[in-house]
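FYI, side chains are in, hydrogens and waters are out, and symmetry mates aren't considered; it's all heavy atoms of this structure.
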Amino acid sequence: MPSPSSNSTWPWITSRAGAAATPSEREKALASLRRFTFQWHLTERCNLRCAHCYQESYDSPEVGYDAWLEVLGQLERLLADWRAVSGGPRRLHLTLTGGEPLVHPDLMRLLDVFADRRDRFSFALLSNGHLLDKVRAHHLARLGPRYVQVSLEGTAATHDRIRGPGSFNRVLRAIGELNSVRVPVMISFTAHRGNFREFPAVAQLAQELGVTRVWTDRLIPRGAGTQGVNGSLTPAETREYIVLLKSARQTARRRWPWWPRKRTEVAQHRALQFLGGDGRPYRCVAGESLLALLPNGDLLPCRRMPIRIGNVFESPLRDLYFDHPVLRALRNPGHIASGCESCALERLCRGGLRCLSFALHGDPFHSDPGCWLPAAVHD
């Protein structure tokens, strides 16, 4: 990852490197927030080697339980600032992931702490599902997560090709265990050229399983395993994917009188989805209402946008959030994406999927590589 020490590293930064935000700038950054999500990667250890994994290694340095409590204290100080500005009982939402978080022996101990501080934090667990047995499902039910997310990458054959033989059935068993104790379940689907047409089948299966929500987004070609899948969607394939997403969402919204289960929501807001006539626009919130933390304490705008902002054990998280020029650039509503300058829709989507632009062009403010609008529309 590039060093955050100089604006010359990132020519798309307009704010001065090293210039601390003023009190009014800090207040403004918090005043517009309606939610704040902190994606916490506790470990990069994992029991799988998925073909589209964005990790580059599986044995990176990680801190222990006492250091986790220090991070939690830093989050509480950021939350106090947010509550003071908003004047309301805001809560930070924490998504605990990895690697595979369930391989870490202290995970449940940390979740117990979150449950004791539910007035300040809500939390969710992102897992591959293989280690979600009956005992862990009952423990999670007592703690009250907002949801547990597991991944399905298509039909059984496609999923097992990406995540390993037998993985599909293990995920279905995990969903069954969570449903049995009424823990909300979310299914995640990563769309690439080898599986995106199977998304409607996954959405239908989610309905049959009684899953609460299905979430999908496009593959970001980073990490050790991205050669194991067919690659990122072309603009034409992205357009087809958006149409499939809209159709699956509309199907899931229907209620049949004889259907015994609750309706499954297909998450609507994805980059470029509104170009297919599917609801209001989505814009990237990385660095604004989303931050990611790696196991060694390194802070990123988003795990899929691996720009090292700093380390929370070397610099306070609050200072990194408010002052770092990369995060200030990402929050700047006037920062127009390259290639979108004349597009009438730029203010709505802010350039689309910034992590994909960063992966393919080294610039999060480059126009979305999947955008299918012809040049004439932008001119």
Side-chain angles (χ1 to χ4, degrees), residues 50-54 151-163 168 187-206 214-252 266-284 286 302-305 337-340 343 345-346 348-378:
C50 301
H52 59 10
C53 184
Y54 50 51
S151 295
L152 278 179
E153 311 297 353
T155 61
T158 299
H159 180 91
D160 284 0
R161 184 173 68 250
I162 294 171
R163 291 185 171 261
F168 184 86
I187 284 177
S188 172
F189 176 94
T190 300
H192 53 78
R193 301 187 74 184
N195 75 341
F196 76 96
R197 293 187 178 94
E198 296 183 24
F199 179 72
V202 170
Q204 180 178 340
L205 177 60
V214 183
W215 179 92
T216 177
D217 209 345
R218 287 173 277 162
L219 171 76
I220 305 302
R222 283 194 174 276
T226 52
Q227 298 303 313
V229 295
N230 291 351
S232 302
L233 303 182
T234 66
E237 289 167 338
T238 302
R239 187 174 190 175
E240 182 182 352
Y241 162 67
I242 294 298
V243 171
L244 292 171
L245 172 57
K246 178 181 179 181
S247 176
R249 188 175 68 85
Q250 290 174 334
T251 299
V266 176
Q268 176 183 8
H269 298 136
R270 302 271 38 94
L272 305 185
Q273 133 275 330
F274 75 109
L275 296 180
D278 195 18
R280 61 185 174 85
Y282 162 91
R283 65 177 181 84
C284 176
C302 167
R303 183 62 182 87
R304 305 201 306 167
M305 190 190 298
S338 172
C340 300
C343 181
L345 303 175
E346 193 278 336
L348 297 178
C349 76
R350 302 270 292 275
L353 194 56
R354 286 178 170 176
C355 53
L356 183 58
S357 296
F358 183 73
L360 296 182
H361 297 287
D363 179 359
F365 296 105
H366 190 285
S367 59
D368 190 318
C371 184
W372 60 85
L373 291 181
V377 174
H378 294 274

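Taking Asp160 as the reference, nothing meets the salt bridge (Lys or Arg N to Asp or Glu O under 4.0 Å) condition, with sequence neighbours excluded. For Phe199, the ring pair (Phe, Tyr, Trp, His ring centres under 6.0 Å) criterion is met by Phe189, not counting sequence neighbours. Residues forming a salt bridge (Lys or Arg N to Asp or Glu O under 4.0 Å) with Arg350 (at least two apart in sequence, or on another chain): none. For His361, the ring pair (Phe, Tyr, Trp, His ring centres under 6.0 Å) criterion is met by His366, not counting sequence neighbours. Checked against side-chain contact (heavy atoms from CB on, under 4.5 Å), Glu198 has the following partners two or more places apart in sequence or in another chain: Thr155, Thr158. For Pro281, the side-chain contact (heavy atoms from CB on, under 4.5 Å) partners two or more places apart in sequence, or in a different chain, are Phe274, Leu348.
Contact detail for Ala206 and Ile187: the closest heavy-atom pair is CB-CD1, 3.9 Å. For Cys340 against Gly351, the heavy-atom pair with the smallest separation is SG-CA, 4.3 Å. The two residues Lys246 and Gly277 come nearest to each other via the heavy atoms NZ-O, 3.6 Å. Cys284 and Gly352 make their closest contact through CB-O, 4.1 Å (heavy atoms, listed as atom of the first residue, atom of the second, distance). Looking at every heavy atom in both residues, Ile220 comes nearest to Cys355 through CD1-SG, 3.5 Å. Of all heavy-atom pairs spanning Ala191 and Tyr241, the tightest one is CB-CE1, 3.5 Å.
Side-chain contact between Val266 and Gln250: absent, with no pair of heavy atoms (C-beta onward) separated by less than 4.5 Å. Between Leu272 and Arg218, some side-chain heavy-atom pair lies under the 4.5 Å cut-off. Looking at heavy atoms from C-beta onward, Phe196 lies in side-chain contact with Glu240 at the 4.5 angstrom threshold.
In this structure, the separation between OG1 on Thr238 and CG on Leu245 is 12.0 Å, given to the nearest 0.5 Å. Between atom CH2 of residue Trp215 and atom OG of residue Ser188 there is a gap of 5.0 Å, rounded to the nearest 0.5 Å. A distance of 9.0 Å separates CD in Glu153 from OG1 in Thr216, rounded to the nearest 0.5 Å. Note that CG of Leu233 and CG of Leu219 are 8.0 Å apart. Values are rounded to the nearest 0.5 Å. In this structure, CG in Asn195 is found 5.0 Å from CD1 in Ile162, a value given to the nearest 0.5 Å. Here the straight-line distance linking atom CE of Met305 with atom OG of Ser357 works out to 8.5 Å at 0.5 Å rounding.
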Subject >> side chain to side chain donor-acceptor pair (under 3.5 Å) assessment of Thr234 paired with Glu237 >> reply: CA-CA 5 Å; Thr234 66; Glu237 289 167 338; 3.3 Å; yes
Original post:
Stepwise, does the side chain to side chain donor-acceptor pair (under 3.5 Å) test hold for Arg163 with Ser151?
Top reply: CA-CA 9 Å; Arg163 291 185 171 261; Ser151 295; 3.3 Å; yes
**OP:** Please lay out, stage by stage, how Leu345 and Leu275 fare under the test side chain to side chain contact (heavy atoms under 4.5 Å, CB included).
**Re:** CA-CA 9 Å; Leu345 303 175; Leu275 296 180; 3.5 Å; yes
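Under the 6.0 Å distance and 45° angle rule, Arg222 does not count as a cation-pi partner of Tyr54.
Between the side chain of Asp368 and the backbone N or O of Leu353 there is at least one donor-acceptor pair closer than 3.5 Å.
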